[in-house]
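Input: a single structure, listed below in structure tokens.
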Amino acid sequence: MRTILSFIAAAIFVIVAASPAALAQSQDAGPSAAPTATVDVHVLAPLLSSTQLSFDPQKATAGYLAKVSGAARARSDAYFEGGYVLLFVDAGYAIAVSALLLFSKLSARIRNFAQGRTRSRFLQVPIYVALYLALTTLITLPLTIYEGFFRERTYGLMNQTFLSWFGDQAILFGLTLVAGVVVLPLIYTAIRRARRNWW
């Protein structure tokens with residue numbers, strides 16, 4: 001229907017534009033000269049000099065770090081060294097949470113809950129994933145709050161309030177939940193169809 005209306009509108013436009021009155025009006029107006037303007041053309045100076053073209057990022061970084069000294073340097077070093085320690089803490093915490101879910105049979109209970117809600121193996125996966133992500137997010141929340149909020153505020157790297165930060169974390173959790181619920185069932189379906197060749 002829209003195609004027919006578009007065609008009719010285009011036909012009416014062509015007929016009106018080609019009418020004798022429109023042609024006479026365009027001939028009476030006569031040809032008009034196009035507007036002109038004077039353009040100033042000159043050679044631009046190069047943006048970088050020959051010394052700037054040979055820029056060495058390592059020397060520039062070393063030069064900048066040489067300017068940071070005293071308490072600011074100690075604070076920067078403490079932040080980054082603490083970050084390296086937290087990599088091991090995060091890995092250990094993740095292993096501990098996974099071991100807790102496995103050996104307490106909590107993961108098996110979540111699986112049984114998903115199986116009790118539907119007989120579809122495809123739909124069991126998103127139910128399990130949603131509960132698993134919610135549970136692990138809740139268990140790891142204290143560490144996340146320390147790392148993402150209190151530590152950043154301590155080093156002066158954040159100006160958000162706790163509620164603002166927590167809102168961002170809630171959005172991140174929602175996106176992770178949606179991605180997990182959509183993607184993981186497809187992965188498990190592919191694994192099931194591949195049978196022995198899943199790996």
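Since the structure is predicted, the reported quantities are computational estimates derived from the model, not experimental observations.
For the residue pair Arg117 and Ile127, the shortest heavy atom distance occurs at CB-CD1, 4.0 Å. Across every non-hydrogen atom of Arg75 and Thr154, the tightest pair is NH2-O, 2.5 Å. Across all non-hydrogen atoms, the minimal contact from Asn159 to Arg153 is C-NH1, 3.8 Å. Closest non-hydrogen pair, Leu135 versus Ile110, comes out as CD2-CD1, 4.0 Å. Heavy atoms only, all atoms of each residue included: Phe149 and Met158 are closest at CD1-SD, 3.6 Å. Annotation for Pro185 and Gly180: closest pair CD-O, 3.5 Å, computed over non-hydrogen atoms.
The backbone N or O of Thr118 sits less than 3.5 Å from a side-chain atom of Gln124, completing a donor-acceptor pair.
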Quiz item: Can you check side-chain contact (heavy atoms from CB on, under 4.5 Å) on Asp90 and Glu147, steps first, answer last?
Solution: CA-CA 10 Å; Asp90 289 345; Glu147 286 184 21; 2.3 Å; yes

Quiz prompt | Test side-chain contact (heavy atoms from CB on, under 4.5 Å) applied to Glu81 and Val85, step by step | solution = CA-CA 7 Å; Glu81 288 167 8; Val85 172; 6.0 Å; no

Practice problem: Check the pair Thr189, Arg193 against side-chain contact (heavy atoms from CB on, under 4.5 Å), reporting the backbone distance first and the verdict last. | Solution: CA-CA 6 Å; Thr189 300; Arg193 289 190 178 175; 4.0 Å; yes

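For Phe166, the CZ atom sits in a loose shell: 12 or fewer heavy atoms of surrounding residues, nucleotides or ligands are nearer than 6.0 Å.
For Arg192 and Phe122, the positive end is not near the middle of the six-membered ring at less than 6.0 Å and at most 45° from its axis.
Two different hydrophobic clusters hold Ile139 and Leu172 under the rule that ILVMFWY side chains link at heavy-atom gaps under 4.5 Å. Taken together through direct or relayed side-chain contacts under 4.5 Å among Ile, Leu, Val, Met, Phe, Trp and Tyr, Val129 and Leu186 form parts of separate hydrophobic clusters. Connection of Tyr79 to Ile145 is not established within any shared hydrophobic cluster, with ILVMFWY side chains joined at heavy-atom distances below 4.5 Å, either directly or through further cluster members.
Taking the six-membered ring where the residue is Trp, Tyr128 and Tyr132 present parallel rings, their angle staying beneath 30° rather than reaching 60°.
Counting heavy atoms from C-beta on, the side chains of Gln169 and Leu141 never come closer than 4.5 Å.
For Phe150 and Tyr146, the ring centers are positioned 6.0 Å apart or more.
For the side chain to side chain contact (heavy atoms under 4.5 Å, CB included) with Leu106, the qualifying choice from Leu101, Leu131, Leu100 is Leu101, the only one to do so.
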